[in-house]
Amino acid sequence: HNRLVLSKSQYNKINGLKVILLSKKIKLSVITTSWNRAEYLPRVFDSLVSQDFPSMEWIICDDASDDNTFDIVKNVSNSSPFSIKYIKSNKRIGKVVLDNQAIKEAKGDFVIWCDSDDYFAHNAIKKLFKSWDSANRTVKNEAFGVIGLCDDNLGITMSTFNCGSS
């Protein structure tokens, strides 16, 4: 399987990270990396709540923001129907390093990214899993990632999987 791997020197840069569990079996881990984008996080959260998919966790990776990111995460965690993990770096280390740390912390069978300035359309995750569940066994055994599943502005869903050997 393809995985992002940290070199020893990259891993050592993570020593300054602090992982806080703010709020079952997790099917999906959603990763959001952010740097001074606190104002966008409620929109990401609202889009995750609109998924009606409680078997997920949201992992927010804060790349040493100096805005109110932590306060926003703490606030939304009070009403969250899913688990939220907050990973805070005490210095800028970059998205790739934080993404790797989030993958290490992820408990889901599947991982998906939602950048801090993005969001999911209503029930997009249900559509993703409906498409996955309907895929034949060969596709599932050979799939190493979904490269795209989205509705366009006409409501047409792309539902093909990228398959190949790992």
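As the structure is a prediction and not an experimental result, all values here were calculated from the model.
Judged by distance alone, the side chain of N100 and the main-chain N or O of V96 form a donor-acceptor pair under 3.5 Å. With hydrogens and angles ignored, the 3.5 Å screen pairs a side-chain donor or acceptor of Q51 with a backbone N or O of S47.
Note that CG of L41 is 8.5 Å distant from CG of D62, once rounded to the nearest 0.5 Å. Annotation: the span from C114 atom SG to I31 atom CD1 amounts to 11.5 Å, rounded to 0.5 Å. Note that CG of D109 and CE of M56 are 14.5 Å apart. Values are rounded to the nearest 0.5 Å. Atom NZ of residue K74 and atom OH of residue Y86 lie 11.5 Å apart, to the nearest 0.5 angstrom. Of the inter-residue distances, the one linking E105 atom CD with S29 atom OG reads 10.0 Å to the nearest 0.5 angstrom. Going from atom NZ of K130 over to atom CD1 of I125 covers 16.0 Å, rounded to the nearest 0.5 Å.
Of all heavy-atom pairs spanning N68 and A38, the tightest one is OD1-CB, 3.1 Å. Across all non-hydrogen atoms, the minimal contact from R37 to S116 is CD-OG, 3.0 Å.
Looking at L128 and I112, their side chains come closer than 4.5 Å, going by heavy atoms from C-beta outward. The closest side-chain heavy-atom distance from V76 to I84 is below 4.5 Å. Using a 4.5 Å cut-off on side-chain heavy atoms (C-beta onward), L28 and S55 make no contact.
V49 and V73 fall within a single hydrophobic cluster, where Ile, Leu, Val, Met, Phe, Trp and Tyr are joined by side-chain heavy atoms under 4.5 Å apart, directly or via other members. I60 and W35 are assigned to two separate hydrophobic clusters, defined by single-linkage of ILVMFWY side chains at heavy-atom distances under 4.5 Å. If you chain together hydrophobic residues whose side chains sit under 4.5 Å apart, Y40 and L48 never meet in one group. V111 and Y119 fall into different hydrophobic clusters, defined by Ile, Leu, Val, Met, Phe, Trp and Tyr side-chain heavy atoms under 4.5 Å apart, directly or through other members.
Ring planes of F82 and F45: tilted class, angle from 30 to 60°.
Residues satisfying the salt bridge (charged side-chain N to carboxylate O under 4.0 Å, His left out) criterion with K95, sequence neighbours excluded, are D99, D115.
With respect to I59, the side-chain contact (heavy atoms from CB on, under 4.5 Å) criterion is satisfied by exactly one of I87, T32, V30: I87.
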Audit row: N36, T69, side-chain contact (heavy atoms from CB on, under 4.5 Å) steps and yes/no: CA-CA 7 Å; N36 288 336; T69 295; 5.5 Å; no
Residue pair K88, F70: steps toward the side-chain contact (heavy atoms from CB on, under 4.5 Å) verdict: CA-CA 9 Å; K88 167 83 173 176; F70 177 75; over 6 Å; no
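Using a cut-off of 4.0 Å between Lys/Arg side-chain N and Asp/Glu carboxylate O, D63 and R92 are scored as salt-bridged.
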